[in-house]
Amino acid sequence: MPVLLAGAFGQRNPGDEALLAAFVDALRDTPLVATSSDPLATEAAHGVEAVHSRDAWRVARTVARASAVVFAGGTVFKTLHPNSGRRPLALLHSALGVAAGTQATGAPLALVGVGATHLAGRRARALAAMVVRRAGLLVLRDEESARLLASAGAPAPFRVGADPAWTAIAPPPADGWRGDAAIVALSSLAGGPALPRRLARVLAPLQRAGLRVRLQPWQVLGTAADDLALARALARELPDRAEIVPPPATLEDAADLFTGARVVVALRFHALLAAAAAGVPAVAYAHEVKLAALARRLGQRVVGPAGDPDAIGAEIAAAARDGLAPAPRAAIERERERAGEGMALLRLLLSGGHDDDPARVSGLELVPGGWIA
């Protein structure tokens, strides 16, 4: 019987595809089925069976025959942005449905490398807590998610690991040259209709400081509100010309483009991983908790989306001028270690507590400890 990998796959998001690749590699000897918005593309890219994530009947049938169900990274505990075209609580309702179905079959349920954001409303918090209570293994990607789930009423303590995509990230190269490009990894989820104008005010000081602004759509779906539409609207608002570069197909593509840049302005979580892999400094535009959380771990600069955009832009420009440092190798290695430990715990769960190589699990903490609030 296969293991079901549940996630936001098949949506042309290089971060989500890196997550799936990491789980496929970690579970290479296990039959797998993944949920996907584009099953054919997922099967071709990752070599695993896929079912359409919106086909509730087929997903339920897959859950019923699965030996285990794994929520494979991503922000599971959140309400959806209006640009998603779905109801705010749709993801939480779907997650609870899958969790309840798994519980009914008696198969183990694992959530590995997942995150949480602010859960507004009693219903959202209750749904999140109900999912947590059904998990046989829960590994969060950061301490911020642990605090948010605890405040939602989910039973603590929590095991805090790292994003699983770190297992596929190579260590950064030795210090290289720094050019004059500021690459902006865009997200249409970072605001509403006024986002292009606001971001233009944030980025204008970088252009005035002599940096070449390059706009990188991260996820292009061909809709009127995707990242490419944001890039075009933003380019029209900026005082000087900005180049729009192709979206990355993989995190490796993103890291290659980032190499040699002066700074990466990240509106996307996995752009911070790609910048770290490229050895390039990054500034997190933290419209979501996860960006601030990862930037904190990597020792990178964080700016908030609230406040005066001109002042935010001046802060980024000044930091780029004075010389930002890339993520330290030690911080990257720690993320890789945490992600690897999460995968080892998952393999231990799926094997029923047996591992052919005791050395792989001998150092693992099998009981989660508390986190420092």
Side-chain angles (χ1 to χ4, degrees), residues 1-11 13-39 41-53 58-59 61-74 76 95 98-99 101-103 105-115 134-141 159 161-170 250-252 270 273 335-364 366:
M1 294 187 292
V3 170
L4 175 63
L5 298 177
F9 310 127
Q11 297 184 23
N13 184 320
D16 291 330
E17 296 309 302
L19 286 172
L20 180 54
F23 280 91
V24 170
D25 181 64
L27 304 176
R28 65 177 70 91
D29 298 323
T30 304
L32 301 172
V33 181
T35 62
S36 174
S37 296
D38 189 343
T42 295
E43 290 176 354
H46 298 280
V48 298
E49 183 184 348
V51 296
H52 202 292
S53 52
R58 286 202 64 191
V59 171
R61 283 194 62 187
T62 306
V63 169
R65 68 184 178 92
S67 61
V69 173
V70 180
F71 285 79
V76 173
V98 170
T102 306
Q103 184 181 43
T105 69
L109 171 68
L111 295 89
V112 179
V114 299
R134 286 165 170 78
L137 173 65
L138 172 64
V139 183
L140 299 174
R141 68 178 170 224
R159 186 185 304 278
D163 189 86
W166 282 110
T167 61
I169 294 293
T250 64
L251 290 192
E252 290 79 7
H270 285 102
L273 275 76
E335 293 301 291
R336 285 161 52 84
E337 290 171 6
R338 287 169 167 166
E341 289 169 0
M343 291 301 198
L345 286 167
L346 174 61
R347 287 191 294 267
L348 191 62
L349 175 73
L350 298 181
S351 69
H354 304 285
D355 195 289
D356 295 334
D357 183 1
R360 290 191 300 188
V361 297
S362 61
L364 294 177
L366 300 182

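Side chains are part of it too, since the values below use all heavy atoms of this structure and drop only hydrogens, waters and symmetry mates.
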With a cut-off of 3.5 Å and sequence neighbours excluded, list every side-chain donor-acceptor pair involving residues 17-25.
unit_1 : atom_1 : unit_2 : atom_2 : d
Glu17  : OE1    : His46  : NE2    : 2.8
Glu17  : OE2    : Gly10  : N      : 2.9
Asp25  : OD1    : Arg28  : NH2    : 2.9
Asp25  : OD2    : Arg28  : NH2    : 3.2

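Between Glu341 and Arg338 there is no salt bridge, since no side-chain N of the basic residue sits under 4.0 Å from a carboxylate O of the acidic one.
The backbone N or O of Val33 lies less than 3.5 Å from no partner atom in the side chain of Glu49, so there is not a single donor-acceptor pair. The backbone N or O of Gly7 sits less than 3.5 Å from a side-chain atom of Thr35, completing a donor-acceptor pair. Although no hydrogens or angles enter the test, the distance criterion places a donor-acceptor pair under 3.5 Å between the side chain of Ser67 and the main chain of Pro2.
Counting heavy-atom neighbours within 6.0 Å of Arg65 CZ, excluding the residue itself, gives a total above 12.
A distance of 7.0 Å separates CZ of Arg347 from CG of Leu27, quoted to the nearest 0.5 Å. The OG1 atom of Thr42 lies 9.5 Å from the CD atom of Gln11; values are rounded to the nearest 0.5 Å. Remark: Ser36 OG to Leu5 CG distance equals 11.5 Å, nearest 0.5 Å. Within the model, atoms CD1 of Ile169 and CG of Leu251 stand 5.0 Å from one another, a figure rounded to the nearest 0.5 Å. One finds the CG atom of Asp29 at 12.0 Å from the OG atom of Ser351 (value rounded to the nearest 0.5 Å).
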Inset, instruction - Carefully, step by step, assess Leu140 and Val114 under the rule side chain to side chain contact (heavy atoms under 4.5 Å, CB included). - result: CA-CA 5 Å; Leu140 299 174; Val114 299; 3.8 Å; yes

Under the side chain to side chain contact (heavy atoms under 4.5 Å, CB included) rule, what do Leu345 and Leu349 come out as? Steps first, then yes or no, please. CA-CA 6 Å; Leu345 286 167; Leu349 175 73; over 6 Å; no

Side chain to side chain donor-acceptor pair (under 3.5 Å) assessment of His270 paired with Asp163: CA-CA 9 Å; His270 285 102; Asp163 189 86; 3.1 Å; yes

